[in-house]
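Below, chain A is the first sequence line, B the second, and so on; all start at residue 1.
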Number of protein chains: 2
Amino acid sequence: MNIGDVARQSGVPPKTIRYYEDIGLIRPNRSENGYRAFTESHIHKLAFLGRARALGFTIEDCRTLLSLYEDENRESMQVKAVAEDHLRQIEEKIAKLQSMRATLAELVEKCAGDHRPDCPIIEDLSPERLAK
Amino acid sequence: MNIGDVARQSGVPPKTIRYYEDIGLIRPNRSENGYRAFTESHIHKLAFLGRARALGFTIEDCRTLLSLYEDENRESMQVKAVAEDHLRQIEEKIAKLQSMRATLAELVEKCAGDHRPDCPIIEDLSPERLAK
DNA sequence: ATTGACCCTCCAGTAACTGGAAGCCTCATA
DNA sequence: TATGAGGCTTCCAGTTACTGGAGGGTCAAT
């Protein structure tokens with residue numbers, strides 16, 4: 001199977017598939033004409049990678065998860081550890097973003113948004129504290 | 001003033017200050033010895049940039065905000081537009097992350113995390129649909 | 001004269017792709 | 001059989017916002 005078919009079936013774009021080969025996530029054979037030759041197994045792996053990336057796992061996490069996916073003797077605690085770690089990081093990001101949102105929302109609400117220059121947003125960003 | 005002092009007073013690291021000069025956010029003069037020579041005004045701008053970055057504004061947003069900060073004739077609607085846009089993007093990111101978190105939390109909870117290979121996380125990522 | 005703390009520039013790397021150029025390969029149609 | 005569309009190849013560069021490090025001047029004090 002050529003890269004285009006695999007892209008369609010896995011949902012991973014050709015460019016990304018080539019990139020994944022570059023970094024060693026998948027290792028397709030080559031046909032005589034130089035084209036990459038994929039199997040069903042590659043489609044599965046790529047779809048797996050697509051799902052994992054959609055859940056925000058890093059490429060390195062994906063590498064680990066993929067090897068666990070292929071490992072009949074994996075222990076589920078290995079998988080869980082990766083997922084829990086990732087979950088924690090997501091929660092940190094959410095917390096940070098929510099704090100930004102709170103501040104921003106407040107500033108946006110206070111700003112008249114008219115033709116005058118006075119602006120609580122600019123004021124909040126301004127380091128007047130230093131002048132005081 | 002040298003870069004170290006400015007870094008301390010603005011909270012922006014020297015490396016970052018140099019980078020901001022590279023991309024034209026600030027334009028310090030030079031002393032005869034080749035050192036950057038900063039003024040109070042630079043400290044204010046850098047502190048402003050630091051605050052804006054902490055709220056997640058992109059560098060390009062910062063460029064805009066900084067020019068509005070310096071513009072006596074700005075209209076607050078210009079500032080508000082930038083902030084509202086940014087706020088929207090933050091909310092999108094939060095939504096995306098929350099959806100990831102929901103899925104991940106569910107999977108993590110369902111995973112036994114023991115020495116057996118069976119794992120709902122791996123199963124969820126696996127493209128069994130394709131096989132069916 | 002020699003530390004030690006600054007400062008300088010330039011290069012490379014980070015994360016995960018994405019776009020584009022230049023150039024084969026293949027298949028269907030005229 | 002020629003041709004044109006579309007698919008495949010590689011390689012290079014750009015994206016975001018820095019950060020680390022090498023190699024090398026500068027300055028103030030001892």
Side-chain angles (χ1 to χ4, degrees), chain A residues 1-38 42 45-46 48-66 82 85-86 89-90 92-93 96-97 100, chain B residues 1-39 42 45-46 48-66 85-86 89-90 92-93 96-97 100:
Chain A
M1 237 176 318
N2 285 346
I3 202 168
D5 305 314
V6 176
R8 248 165 270 124
Q9 290 185 57
S10 66
V12 179
K15 276 270 181 186
T16 304
I17 296 177
R18 294 195 191 99
Y19 172 68
Y20 286 172
E21 183 187 11
D22 270 1
I23 61 174
L25 279 181
I26 50 164
R27 306 190 181 284
N29 287 324
R30 294 294 175 131
S31 309
E32 290 190 354
N33 60 14
Y35 287 15
R36 287 171 183 79
F38 298 88
H42 289 120
K45 286 185 199 173
L46 285 167
F48 180 95
L49 289 169
R51 290 271 301 144
R53 292 288 301 127
L55 285 180
F57 286 104
T58 65
I59 290 287
E60 284 319 301
D61 281 346
C62 288
R63 205 186 288 281
T64 306
L65 290 172
L66 197 54
V82 173
D85 210 77
H86 179 46
Q89 290 181 35
I90 282 183
E92 272 175 36
K93 277 190 196 169
K96 201 170 279 184
L97 286 170
M100 288 179 188
Chain B
M1 235 176 318
N2 284 347
I3 202 169
D5 305 313
V6 175
R8 249 164 270 124
Q9 290 185 58
S10 67
V12 179
K15 276 269 181 189
T16 305
I17 297 177
R18 295 195 191 100
Y19 173 68
Y20 286 172
E21 182 186 13
D22 270 2
I23 62 173
L25 279 182
I26 50 165
R27 306 189 182 284
N29 287 325
R30 293 294 176 133
S31 309
E32 291 191 355
N33 59 14
Y35 288 14
R36 288 170 184 79
F38 297 89
T39 65
H42 289 120
K45 286 185 198 175
L46 285 167
F48 180 95
L49 289 169
R51 289 273 300 146
R53 292 288 301 126
L55 284 181
F57 285 103
T58 65
I59 289 287
E60 285 318 302
D61 282 346
C62 287
R63 204 185 290 281
T64 306
L65 291 172
L66 197 55
D85 210 77
H86 180 46
Q89 290 181 35
I90 283 183
E92 272 174 35
K93 276 191 196 169
K96 202 170 278 182
L97 286 170
M100 288 179 188

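Computed from coordinates, the L49(B) CG to dC18(D) C1' distance equals 14 Å when rounded to whole Å. One interatomic measurement links the two molecules: CG of D22(B) to C1' of dT16(D), which rounds to 15 Å at whole-angstrom precision. The OH atom of Y20(A) sits 8 Å away from the P atom of dA16(C) (whole-angstrom rounding). Taking atom CG of D61(B) as the reference point, atom P of dA17(D) lies 9 Å away to the nearest angstrom. Atoms CD1 (I17(B)) and C1' (dC6(C)) sit 14 Å apart, rounded to a whole Å. Separating the CD1 atom of I3(A) from the P atom of dT26(C) is a distance of 16 Å, rounded to the nearest angstrom. Rounding to whole angstrom units, CD of residue E32(B) and C1' of dT26(D) are separated by 13 Å. The nearest whole Å value for the distance from the CG atom in N29(B) to the P atom in dC8(C) is 13 Å.
One finds no side-chain N or O of R36(A) lying less than 4.0 angstrom from the OP1 or OP2 phosphate oxygen of dG7(D). Taking side-chain N and O atoms only, N33(B) has no distance below 4.0 Å to OP1 or OP2 of dC8(C). Within the 4.0 Å cut-off from OP1 or OP2 of dT16(D), not a single side-chain nitrogen or oxygen of Y19(B) is found. The phosphate of dA17(D) has neither OP1 nor OP2 within less than 4.0 Å of any side-chain N or O from T16(B). Side-chain N/O atoms of R53(B) include one lying less than 4.0 angstrom from OP1 or OP2 on dC18(D).
Between T58(A) and R63(A) there is no side-chain heavy-atom pair separated by less than 4.5 Å. Taking 4.5 Å as the limit, some side-chain heavy atom of M100(B) sits within range of a side-chain heavy atom of L97(B).
Each of I59(A) and R18(B) has a nearest nucleotide on DNA chain C; the 5'-most of these lies closest to R18(B).
Here the NE2 atom belonging to H86(A) is positioned 6.5 Å from the CG atom belonging to L55(A), to the nearest 0.5 angstrom.
Shortest non-hydrogen contact noted between F38(A) and I3(A) is CE1-CA, 3.6 Å.
Contacts of F57(B) with the nucleic acid, taken as non-hydrogen atoms under 4.0 Å apart, are absent.
Closest contact between the side chain of K15(A) and the listed nucleotides dC8(D), dC17(C), dG20(C) involves dG20(C).
A salt bridge (Lys or Arg N to Asp or Glu O under 4.0 Å) with E21(A) is found for exactly one of R36(A), K15(A), K45(A), namely R36(A).
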